[in-house]
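Naming: A, B, ... by sequence-line order, numbering from 1 per chain.
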2 protein chains.
Amino acid sequence: MNPPAEALRKLGYPATRGRGEVLRILAESSLPLSPKEIRDRFPAPKPDASTVYRNLSLLVSLGMVRSVALHERSRRYEIATEGTHRHRVVCRGCGRIDSFQPRLCDLSRIEADIRVTLGYDVREHSLEFFGACPDCARTETRR
Amino acid sequence: MNPPAEALRKLGYPATRGRGEVLRILAESSLPLSPKEIRDRFPAPKPDASTVYRNLSLLVSLGMVRSVALHERSRRYEIATEGTHRHRVVCRGCGRIDSFQPRLCDLSRIEADIRVTLGYDVREHSLEFFGACPDCARTETRR
DNA sequence: CCCCTGCTTGCAAAATATTTGCATTTGCAA
DNA sequence: TTGCAAATGCAAATATTTTGCAAGCAGGGG
């Protein structure tokens with residue numbers, strides 16, 4: 001059977017339809033999705049919003065899904081495939097979101113610095129860029 | 001008179017009490033604050049929440065305040081003093097937030113990369129770190 | 001210094017986002 | 001197939017943010 005279901009059972013959590021669909025939907029999306037968007041992509045019958053929230057929260061705590069904060073009203077979620085580390089570029093004009101795998105994402109020096117000066121054990125970071133996408137940059141009045 | 005009031009008037013916006021207090025409160029805080037926390041720090045009479053939201057939204061659009069996304073339920077805001085660029089470290093255990101001025105924040109290569117490959121005009125970025133603060137790291141069971 | 005005009009505020013209410021309790025259903029291991 | 005624990009749907013509670021409208025304040029002109 002499918003890997004995610006196995007992984008869930010191994011961790012002691014039943015592999016339910018809700019869980020499976022959330023993982024599939026996120027895996028198929030190139031963009032992080034909001035809980036609402038995730039629910040919208042469920043094949044009928046759509047689950048209740050609370051089910052989506054409960055599953056997202058479980059999957060995040062199991063490390064199978066990550067939440068992404070893009071300064072919007074609601075949070076977004078993405079699949080946390082092993083070894084994937086993605087960053088986002090958000091267009092302030094039209095809201096378009098692109099994600100990319102950084103070629104060089106060397107924040108280890110900053111992390112080491114934090115460890116030394118503040119004493120934190122840093123385990124994750126999130127890095128997002130904001131600006132104007134090609135279309136919006138063209139449309140804009142020159143500054 | 002005080003600089004922020006001047007700046008507001010110059011931009012054509014009356015320097016009201018709400019605006020002044022929001023700026024003062026954010027300037028005096030070493031941490032980004034939520035709208036609720038900002039309202040709580042107003043001297044009596046406290047303004048309505050909607051006033052706080054409206055002022056934050058104006059000040060953000062004028063570039064005098066920045067919003068900070070820390071994967072929480074509500075957004076946080078910080079003063080956007082010229083030349084200040086801060087990053088955050090958030091403790092997953094107790095929620096403690098520290099901010100620091102990065103010694104080396106050279107993301108210009110990544111930004112150049114984005115410009116070339118995706119065509120975006122990148123204007124801002126936000127970078128946050130997550131982990132365990134000294135206290136929580138000590139308390140935690142060894143992994 | 002006072003008056004006008006427009007922008008801002010308070011208040012109430014709506015819209016949106018997220019969480020929770022409880023009865024019922026489902027997953028899955030024996 | 002059966003039973004138990006955990007998940008789901010549903011309804012309602014919370015939390016967050018936005019909006020409409022009438023009344024009040026800021027600040028320029030007289």
- Item | Spacing between B:R75 atom CZ and D:dT16 atom P, to the nearest angstrom | 12 Å
- Message: What is the separation between atom CG on B:L56 and atom C1' on D:dT18, rounded to the nearest whole Å?
- Response: 13 Å
- Provide, to the nearest angstrom, the distance between the CG atom belonging to A:L8 and the C1' atom belonging to C:dC28. 13 Å
- Taking the nucleotide of DNA chain D with the closest heavy atom to each, which residue, B:A15 or B:P35, is nearer the 5' end? B:P35
- Rounding to a whole Å, what distance do you find between B:R39:CZ and C:dT9:P? 14 Å
- Message: Side chains of B:S126 and B:E128 only: does a donor on one sit below 3.5 Å from an acceptor on the other?
- Response: yes
- Query: What are the two closest non-hydrogen atoms of B:S29 and B:L31, and how far apart are they?
  - Reply: OG-O, 2.5 Å
- Message: Each nucleotide in nucleotides 4-15 of chain D should get exactly one letter: B, S or -. Can you fill that in based on protein heavy atoms under 4.0 Å?
- Response: --SSBBB----S
- Message: Any base atoms under 4.0 Å from B:A49, or only sugar-phosphate, or nothing? Heavy atoms, all strands.
- Response: nothing
- Between B:R9 (CZ) and D:dC25 (C1'), how many Å, whole number? 13 Å
- Note on the structure: Sorted by chain and number, sequence neighbours left out, ring-ring contact (aromatic ring centres under 6.0 Å, His included) with B:F130 holds for B:H71
- Message: Measure OH/B:Y53 against C1'/C:dT8 and give the value in whole Å, please.
- Response: 18 Å
- Item | Rounded distance in Å - CG (B:L59) to P (C:dT8) | 11 Å
- Task: Write down the partner of C:dA30 under the Watson-Crick or G-U wobble criteria, each distance required to be under 3.5 Å.
- Result: D:dT1
- Query: Do other residues, nucleotides or ligands put more than 12 heavy atoms under 6.0 Å from B:K46 NZ?
  - Reply: yes
- A:G18 versus A:F42, closest heavy-atom pair with distance: O-CZ, 3.6 Å
- Separation of D:dT16 P from B:Y77 OH (nearest whole Å): 12 Å
- Separation between OH (B:Y77) and CG (B:L26), nearest 0.5 Å, reads 10.0 Å
- Item | Intermediate values then yes/no, salt bridge (Lys or Arg N to Asp or Glu O under 4.0 Å), B:E28 and B:R41 | CA-CA 11 Å; B:E28 287 177 2; B:R41 298 190 186 198; over 6 Å; no
